[in-house]
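Data first, discussion second: the structure below is written as structure tokens.
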Number of protein chains: 2
Amino acid sequence: MAKSSQKEKSSPQARSGQHEVADRGLSGLIRRGNVFSEKCPSRDIMKNVTSRWGVLLLVALLEGTHRFSELRRKIGGISEKMLAQTLQRLEYDGFVQRTSYPVVPPYVEYRLTPLGRQIGKKVRALGDWIEENVPKILAARESR
Amino acid sequence: MAKSSQKEKSSPQARSGQHEVADRGLSGLIRRGNVFSEKCPSRDIMKNVTSRWGVLLLVALLEGTHRFSELRRKIGGISEKMLAQTLQRLEYDGFVQRTSYPVVPPYVEYRLTPLGRQIGKKVRALGDWIEENVPKILAARESR
DNA sequence: GTAAGTACGTACAAAAAGGTAAGTGCAATG
DNA sequence: CATTGCACTTACCTTTTTGTACGTACTTAC
């Protein structure tokens with residue numbers, strides 16, 4: 001427990017021009033984000049998703065449900081701390097679902113939610129493209 | 001002038017097991033990267049592309065050629081230093097092409113290369129998805 | 001004459017990300 | 001009975017990233 005650290009950013013003076021949407025009064029009814037504007041929540045979401053380990057986790061989980069230790073072994077170089085932290089952020093944003101069974105050696109499963117599968121596919125497309133083009137990029141680097 | 005700061009990373013002892021490819025002797029002939037393995041160059045490329053400002057620059061440049069200061073104004077919150085640095089990395093990887101005209105107020109253009117346009121599209125797909133789904137994600141965050 | 005715009009480079013400082021090592025509680029394994 | 005694995009958490013420290021502020025060289029606008 002003890003992970004309820006909500007950032008309260010409700011300052012009295014309205015947050016102006018955050019995502020260029022008519023703010024009709026009450027809670028945030030945002031129709032769409034805009035990455036180009038500072039302070040748009042999409043920036044935050046991006047950060048989690050495109051973080052060093054976030055990318056890899058999404059791609060790994062696209063292949064199916066994994067246990068914590070399976071992910072650790074699958075993703076070369078990740079530390080337990082980072083694995084736990086990144087999984088929690090992805091869970092917080094509704095991309096992964098954590099299921100724990102109260103058995104004696106702990107058994108915890110991580111799987112993508114429908115939302116997570118959607119974004120995971122975009123990330124994998126990027127990852128695949130890079131993997132395929134590593135030679136070209138390396139060549140471009142050297143020819144300077 | 002004066003921007004030839006090449007990093008020489010040619011250490012005598014071969015870089016072993018880097019991307020699980022039969023290393024047939026000479027320079028790096030890599031067929032494909034593998035993001036899951038540490039030390040694969042794809043990780044490095046990823047880092048540049050998915051960096052905070054790298055993402056935004058690729059998306060911005062997909063809309064066409066821009067000058068330095070145009071980019072600075074377009075991308076909310078970026079500092080000149082980060083703009084220059086990120087552009088240089090993208091140029092180094094062969095994603096952007098820099099053209100400068102020797103006129104008196106300096107005039108420099110940045111545009112995507114064919115390679116940059118390809119990867120830019122993948123990144124934009126991710127960005128678009130996020131922008132569209134900001135409301136859902138925000139909702140997921142709050143419902144806990 | 002002073003300010004502003006252009007496209008950066010550089011030094012220093014702050015912030016964020018990441019790594020390491022240890023601890024937890026319990027059971028199966030040797 | 002000591003060790004190992006499980007799924008983490010925590011404290012502490014190092015590395016990386018990012019920001020701030022200033023300098024440059026020259027010209028046009030005020």
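Order of the sequence lines fixes the chain letters, A, B, ..., with proteins taken first and strands second; residue numbering starts at 1 for each chain. In this text the structure is predicted, and so the values were computed from the model without any measurement.
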Distance in angstrom units between A:Tyr101 OH and C:dC26 C1', rounded: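 Answer to the nearest Å: 20 Å.
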Nearest-angstrom distance from the residue atom CD of B:Glu80 to C1' of D:dT24: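 Value for this atom pair: 12 Å.
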Protein proximity profile, nucleotides 11-19 of chain C - base contact B, sugar-phosphate-only contact S, no contact -, cut-off 4.0 Å on heavy atoms: B-----SBB
Would you please name every residue forming a salt bridge (charged side-chain N to carboxylate O under 4.0 Å, His left out) with [X], sequence neighbours left out?
X        : result
B:Glu109 : B:Arg111
B:Glu80  : B:Arg72
B:Arg141 : A:Asp93

Phosphate contact (D:dA7 OP1 or OP2) by A:Arg98 side-chain N/O below 4.0 Å: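 No, A:Arg98 has no side-chain N/O under 4.0 Å of OP1/OP2 on D:dA7.
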Phosphate OP1/OP2 of C:dC8 contacted by B:Gln88 side-chain N/O (<4.0 Å):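 So the side-chain polar atoms of B:Gln88 never come under 4.0 Å of the phosphate oxygens OP1 or OP2 of C:dC8.
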Residues forming a side chain to side chain donor-acceptor pair (under 3.5 Å) with A:Glu131, sequence neighbours excluded: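 If we apply the side chain to side chain donor-acceptor pair (under 3.5 Å) test to A:Glu131, skipping adjacent residues, the hits are B:Arg32.
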Partner set under side chain to side chain donor-acceptor pair (under 3.5 Å) for B:Lys74, not counting sequence neighbours: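 Per chain and number, B:Lys74 pairs via side chain to side chain donor-acceptor pair (under 3.5 Å) with B:Glu63, B:His66.
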Side-chain donor/acceptor of A:Thr86 to backbone N/O of A:Leu83, under 3.5 Å: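 Answer holds: no.
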Interface residues of residues 104-112 of chain A with DNA chain C (non-hydrogen, below 4.0 angstrom):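 Close to the strand are A:Val104, A:Pro106.
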Proximity to DNA chain C (any heavy atom under 4.0 Å), residues of residues 66-75 of chain A only: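 Nucleic-acid contacts, sorted: none.
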4.5 Å side-chain heavy-atom contact, A:Leu71 and A:Leu87: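 Side-chain contact under 4.5 Å: yes.
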Of all pairs that satisfy ring-ring contact (aromatic ring centres under 6.0 Å, His included), the ones with a partner from residues 95-127 of chain A, not counting sequence neighbours: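 Qualifying pairs: A:Tyr101-A:Tyr107.
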Qualifying side-chain hydrogen bond (donor to acceptor under 3.5 Å, both in side chains) pairs, either residue in residues 117-127 of chain B, two or more places apart: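 Sorted result for residues 117-127 of chain B: A:Trp129-B:Gln118.
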Side chains of residues 51-62 of chain B: which donor-acceptor pairs under 3.5 Å do they make with residues two or more places apart or in other chains?
{"residue": "B:Ser51", "atom": "OG", "partner": "B:Asn48", "partner atom": "O", "Å": "3.0"}
{"residue": "B:Ser51", "atom": "OG", "partner": "B:Gly54", "partner atom": "N", "Å": "3.0"}

